[in-house]
Amino acid sequence: MGSHRRTAPSSGSERSTALALGLLSAAATALGVVPATAVPQEDSRAEVDRLYREAEKATEAYNAADERADALRREIADAQDAIARKQQRVNTMRETLGSLAGSQYRSGGLDPALALLLSEDPEDYLRKASVLDRLGVHQTAELRKLRGTLRSLSQDRAEAGKRLGALERSRKAAATHKRTVEHKLAEARRLLGSLPAGERAAWDRASRSGRTDVLGPGGAPASGRAAAAVAAARSALGKPYVWGANGPSGFDCSGLTQWAYAQAGVALPRTSQAQRYAGRQVPLSEARPGDLVLYRSDASHVGMYMGNGQVIHAPYPGAPVRYDPVGMMPVSSVTRV
């Protein structure tokens with residue numbers, strides 16, 4: 001989602017540390033809104049801006065929590081497979097040790113000297129006794145292995161338990177952010193709908209305004225994969241903004257750039273904050289098609305530079321994927337993937 005009523009972009013590269021976890025508290029603190037009837041129309045448009053900005057931050061926090069939950073699910077599945085394999089080894093070791101113990105018990109029923117005296121074949125007895133001695137050594141080694149495997153199995157189960165706890169926390173965080181986003185978007189829609197048609201049109205024009213002369217044409221994409229990502233982003237023009245979505249039928253801002261680069265065979269992180277560090281940062285004046293343009297100091301919005309002072313991005317609900325001026329809001333950094 002874009003924020004509206006922009007200022008001129010800046011090219012600072014201040015590194016923000018408020019990533020997914022930092023957004024958890026920030027996105028959920030400002031739930032109150034000013035009723036549309038209580039403020040002038042100019043203030044109402046500013047309030048819509050504020051709500052969309054906060055909804056976008058909460059959306060990126062939701063994306064981060066959801067991505068973490070997906071990663072934890074994969075880790076838990078891998079851990080459960082490893083635990084099952086170790087448990088099978090433990091079962092096999094126990095069976096082997098039980099067989100060895102039974103063999104020794106059966107062979108140890110007589111005093112060794114008496115058994116040798118009564119044996120019809122003393123040489124055969126001595127050979128068997130030697131084997132049993134070796135079995136005893138082998139049994140001791142197997143017992144040590146069993147104990148080590150049991151300790152490892154216990155540690156794996158404890159670690160899996162921690163991951164399950166973390167997964168539950170991620171699920172709760174995602175649910176919290178989902179409620180926050182839905183609240184902000186509902187309030188923004190209500191407030192925007194209360195404005196006269198002319199005011200709504202003025203707000204939309206303001207959301208698309210910005211300087212286009214802040215950098216040159218940009219030339220060709222920096223690489224073949226950047227060119228492929230540019231082509232993918234263009235193919236998404238007109239698709240709806242859907243918060244939390246990463247294509248192919250709808251997108252939020254970071255979902256669009258992630259999907260576009262995925263079509264080029266490049267795996268980008270899910271959130272705009274993480275995408276900020278998914279490549280080499282370059283000055284805004286050197287931006288080329290395919291570069292990621294991060295907006296606001298917290299990098300809560302991202303678009304893809306297309307050249308000629310334009311980006312393609314997924315702005316906000318109700319606005320499709322579209323071209324807008326690169327200077328539509330303050331630029332915090334540019335990343336070349």
Side-chain angles (χ1 to χ4, degrees), residues 1-4 18-31 48-74 166-190 192 207 229 232-233 235-263 267-276 278 292-296 298-304 311-322 329:
M1 283 176 276
S3 177
H4 322 296
L19 300 180
L21 293 178
L23 287 170
L24 298 185
S25 58
T29 55
L31 293 177
V48 172
D49 280 348
R50 183 185 71 81
L51 288 165
Y52 274 138
R53 281 197 307 271
E54 291 173 358
E56 186 161 59
K57 291 178 183 179
T59 297
E60 290 302 286
Y62 168 84
N63 289 338
D66 194 50
E67 183 179 45
R68 176 63 176 152
D70 286 342
L72 284 166
R73 289 186 192 99
R74 292 190 294 271
L167 174 59
E168 184 59 26
R169 290 191 294 275
S170 277
R171 284 172 174 165
K172 288 180 179 178
T176 296
H177 292 305
K178 182 178 181 181
R179 290 192 296 270
T180 301
V181 172
E182 289 171 342
H183 175 85
K184 301 289 186 185
L185 294 180
E187 288 294 332
R189 284 192 295 269
R190 181 189 64 78
L192 196 58
S207 75
S235 75
L237 285 167
K239 297 289 180 67
Y241 180 100
V242 179
W243 77 266
N246 59 349
S249 57
F251 305 90
D252 61 21
C253 68
S254 57
L256 172 63
T257 48
Q258 184 191 47
W259 176 84
Y261 264 100
Q263 309 319 298
L268 288 185
R270 180 62 182 90
T271 67
S272 57
Q273 290 87 359
Q275 289 179 13
R276 184 180 199 171
L292 304 180
V293 182
L294 285 303
Y295 292 96
R296 309 190 193 102
D298 61 359
S300 56
H301 189 78
V302 62
M304 184 179 293
V311 295
I312 285 178
H313 69 136
Y316 51 84
V321 174
R322 69 191 188 190
M329 67 183 88

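FYI, the numbering just counts along the sequence from 1.
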### Task
Report the C-alpha distance between E60 and H301 in whole Å, list the side-chain angles of each, state the deciding distance to 0.1 Å, and finish with yes or no for side-chain contact (heavy atoms from CB on, under 4.5 Å).
CA-CA 9 Å; E60 290 302 286; H301 189 78; over 6 Å; no

Closest heavy-atom pair, Q273 versus R276, reported as atoms and distance to 0.1 Å, is O-CB, 3.3 Å

Self-check item: Pairwise side-chain contact, H183 with R179, heavy-atom cut-off 4.5 Å (strictly under)
Solution: no

- prompt: Hey, is E54 close enough to K57 for a salt bridge, meaning N to O under 4.0 Å?
  reply: no

Tightest non-hydrogen contact, residues A233 and M304, listed as CB-SD, 3.9 Å

Minimal heavy-atom distance between W259 and P248, with the atoms involved, is NE1-CB, 3.9 Å

Across all chains, not counting sequence neighbours, the side chain to side chain donor-acceptor pair (under 3.5 Å) partners of N246 are Q258

Interatomic distance, CG@D252 vs CH2@W243, rounded to 0.5 Å, equals 9.0 Å

CG of D66 to CZ of R68, rounded to nearest 0.5 Å, is 12.5 Å

Note: C253 and A314 closest approach over all heavy atoms is CB-O, 3.8 Å

All heavy atoms of A236 vs all of L256, minimum pair found to be CB-CD1, 3.7 Å

Nearest heavy-atom contact between G244 and T59 is N-CG2, 3.9 Å

Checklist entry - Side-chain contact, heavy-atom cut-off 4.5 Å: F251 with P240? => result no

If you measure only the distance, is there a donor-acceptor pair under 3.5 Å linking the side chains of S254 and R270?
yes

Scan side-chain atoms only and decide if E56 and S300 contain a donor-acceptor pair under the 3.5 Å cut-off.
no

Note to self: Keeping S272 on the side-chain end and A299 on the backbone end, is there a donor-acceptor pair under 3.5 Å?
What the structure shows: yes

Residues at least two apart in sequence or cross-chain that pass side chain to side chain contact (heavy atoms under 4.5 Å, CB included) with R169, listed by chain then number, are A166

Problem - Test item: V302 and V293 side chains (from C-beta on) under 4.5 Å apart, heavy atoms - result: no

Under 6.0 Å between ring centres: does that hold for Y316 and Y241?
no

To the nearest 0.5 Å, atom CG of L237 lies from atom CD1 of I312 at 4.0 Å

### Query
Sub-3.5 Å donor-acceptor pair from the side chain of Q275 to the main-chain atoms of P269, do we have one?
yes

